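Comments concern the structure below.
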There are 2 protein chains.
Amino acid sequence: MKKYSRHEAREIINELLVEIFNRILAIEGQNLKDKGIKLSMSEVHVLEAIELSEEPIMSNIAKRLGITIGSLTTAINTLYQKGYVSRDRDAEDRRKVMVGLTTKAIEVLDEHDAFHKEMIDSIFEDLELEKDQLLIESLEKLSTYFKK
Amino acid sequence: MKKYSRHEAREIINELLVEIFNRILAIEGQNLKDKGIKLSMSEVHVLEAIELSEEPIMSNIAKRLGITIGSLTTAINTLYQKGYVSRDRDAEDRRKVMVGLTTKAIEVLDEHDAFHKEMIDSIFEDLELEKDQLLIESLEKLSTYFKK
DNA sequence: TTCAAATTGTTTGAACTTCAAAACATATTC
DNA sequence: GAATATGTTTTGAAGTTCAAACAATTTGAA
């Protein structure tokens, strides 16, 4: 393994992150295609954001995704048409729209998660990556940093 | 620092990668905007791919970017219009189109690199990340794995 | 040599993603 | 109840990408 100087290290880490990220995304996208699921990765991300939102209203979901509410509306429009989400005005505050996942969406997300887990596991087995703990600690520091 | 089981570790690493990646991209995009540069991040990526290609012909650049040649053609069209790239048929093999960077493009890339380096450096200083070497080794293994 | 196959790139049409701004709907405040 | 605040949708425009059809050039086998 080549020894990197601290300076080279800083420069190279981002390149590696970008590369790895793009590969994972591409593989997951291909997997959806292979399974005949007519959803793009960004649509899956919307479904995931709905699943993870404490209060799944438009503004919360958009914030989690880092897109405008307007963009989310168009995304939700097509997901609704395709039968992946429900939409209901909140009874308490009728300005809010509660977005929900249909059974169909939950099935896709479960399948997707299973594939993802399998992929990650097989990678780690193949690589015999010993440094999980350190890798995570470093990544978490980075992630926390960027959240501010 | 929370201690993760090996299994949790595998699941969480991807989430962190995604998060970090998106943040960096957003920050860099904002920086371009702030500087009044009328280029999207994907256009900058095209310029970077040109810079890094040994033989900067359409197919090589597209391959490096992971997009089709047709998609790259449209990207190069607008970059050419905006004055960031040159296009010349290869004299040896006239099927090939040699793509080059203009002075304008090189200036943008230099600025972008400087910003990126500064950002990464300041992050590492703030974090006092001790595990650069290990982090890189792990990421490189992942990256290499995904390249196959 | 010569022409069919392979390589390299462009064009076209369509789908998707996103944004900003304007319009609309509902709720709160004073 | 008018003004303000909050939440969402609509609209119009721009950017990214792909697949398929097309064009130009090179290569290789008969």
Side-chain angles (χ1 to χ4, degrees), chain A residues 22 25-26 28-30 32-34 37-50 53-82 84-100, chain B residues 22 25-26 28-30 32-34 37-50 53-82 84-100:
Chain A
N22 283 330
L25 218 57
E28 293 187 338
Q30 188 56 50
L32 289 176
K33 221 175 182 178
D34 292 347
I37 297 168
K38 293 279 189 300
L39 287 175
S40 65
M41 280 308 292
S42 59
E43 286 176 318
V44 171
H45 289 154
V46 173
L47 297 180
E48 286 173 338
I50 295 167
S53 286
E54 304 249 332
E55 193 193 21
I57 63 175
M58 295 300 285
S59 46
N60 286 344
I61 299 164
K63 192 176 177 187
R64 180 176 277 272
L65 288 167
I67 61 176
T68 62
I69 305 177
S71 300
L72 181 60
T73 296
T74 65
I76 294 291
N77 285 345
T78 64
L79 285 171
Y80 181 77
Q81 291 244 324
K82 292 181 183 174
Y84 287 98
V85 301
S86 60
R87 279 173 141 163
D88 298 287
R89 289 273 169 189
D90 185 337
E92 311 272 304
D93 183 342
R94 297 191 44 72
R95 292 172 303 182
K96 297 178 180 175
V97 171
M98 305 294 292
V99 182
Chain B
N22 283 330
L25 218 57
E28 293 188 338
Q30 188 55 51
L32 289 175
K33 221 176 183 179
D34 293 347
I37 296 168
K38 291 279 190 301
L39 287 175
S40 65
M41 279 309 293
S42 60
E43 286 177 318
V44 172
H45 289 154
V46 173
L47 298 180
E48 286 174 338
I50 295 167
S53 287
E54 305 247 334
E55 193 194 20
I57 62 176
M58 296 298 287
S59 47
N60 286 344
I61 299 164
K63 192 176 177 185
R64 180 176 277 273
L65 289 167
I67 61 177
T68 63
I69 304 178
S71 300
L72 181 59
T73 295
T74 66
I76 294 292
N77 284 345
T78 64
L79 285 171
Y80 181 76
Q81 291 243 324
K82 292 181 184 174
Y84 287 98
V85 302
S86 61
R87 279 173 140 163
D88 299 287
R89 288 275 170 187
D90 185 337
E92 312 270 304
D93 183 341
R94 296 191 43 70
R95 290 171 305 182
K96 297 179 180 174
V97 171
M98 306 294 292
V99 183

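Computed from a predicted structure; not experimentally measured. For the numbers below, each heavy atom of this structure counts, side chains included, while hydrogens, waters and symmetry mates do not. Residue numbering restarts at 1 for every chain, and letters A, B, ... go by the order of the sequence lines.
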Counting N and O atoms only, with roles assigned by atom type, does the side chain of [X] sit under 3.5 Å from a partner on the main chain of [Y], one being a donor and the other an acceptor?
X	Y	result
B:Arg87	B:Tyr80	no
A:Arg89	A:Arg94	yes
A:Ser71	A:Ile67	no
A:Lys82	A:Lys38	yes

On the nucleotide C:dG9, are OP1 or OP2 found under 4.0 Å from the side-chain N or O atoms that B:Arg87 carries? no
Comparing B:Gly66 and B:Lys82 on DNA chain D - which has the more 5′ nearest nucleotide: B:Lys82
Would you jot down, in residue-number order, the residues of residues 57-64 of chain A having a non-hydrogen atom under 4.0 Å from DNA chain D? A:Ile57, A:Met58, A:Ser59
For a quick check under 3.5 Å, do A:Asp34 and A:Gln30 share a side-chain donor-acceptor pair by atom type?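 Present: a donor and an acceptor within the cut-off.
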B:Arg64 vs B:Glu48, test: salt bridge (charged side-chain N to carboxylate O under 4.0 Å, His left out). Steps then yes/no. CA-CA 10 Å; B:Arg64 180 176 277 273; B:Glu48 286 174 338; over 6 Å; no
Look up atom NE2 in A:His45 and atom CD1 in A:Ile50, then write down how far apart they are to the nearest 0.5 Å. 13.0 Å
Got a second to check how far A:Asn60's CG is from A:Glu54's CD, nearest 0.5 Å?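 One gets 9.0 Å once the value is rounded to the nearest 0.5 Å.
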Mind checking if [X] touches a base, just sugar-phosphate, or nothing, with heavy atoms under 4.0 Å?
X	answer
A:Thr78	nothing
A:Ile67	sugar-phosphate
B:Thr73	base

Which nucleotide, C:dT11, D:dG15, D:dT17, lies nearest any side-chain atom of B:Ser40? D:dG15
Using a cutoff of under 3.5 Å, can you pull out all pairs of nitrogen or oxygen atoms linking the protein to nucleotides 19-26 of chain D, with atom names and distances?
residue: D:dT26; atom: OP1; partner: B:Arg94; partner atom: N; Å: 3.2

In this structure, how many angstroms lie between the C1' atom of D:dA5 and the NZ atom of A:Lys96, rounded? 13 Å
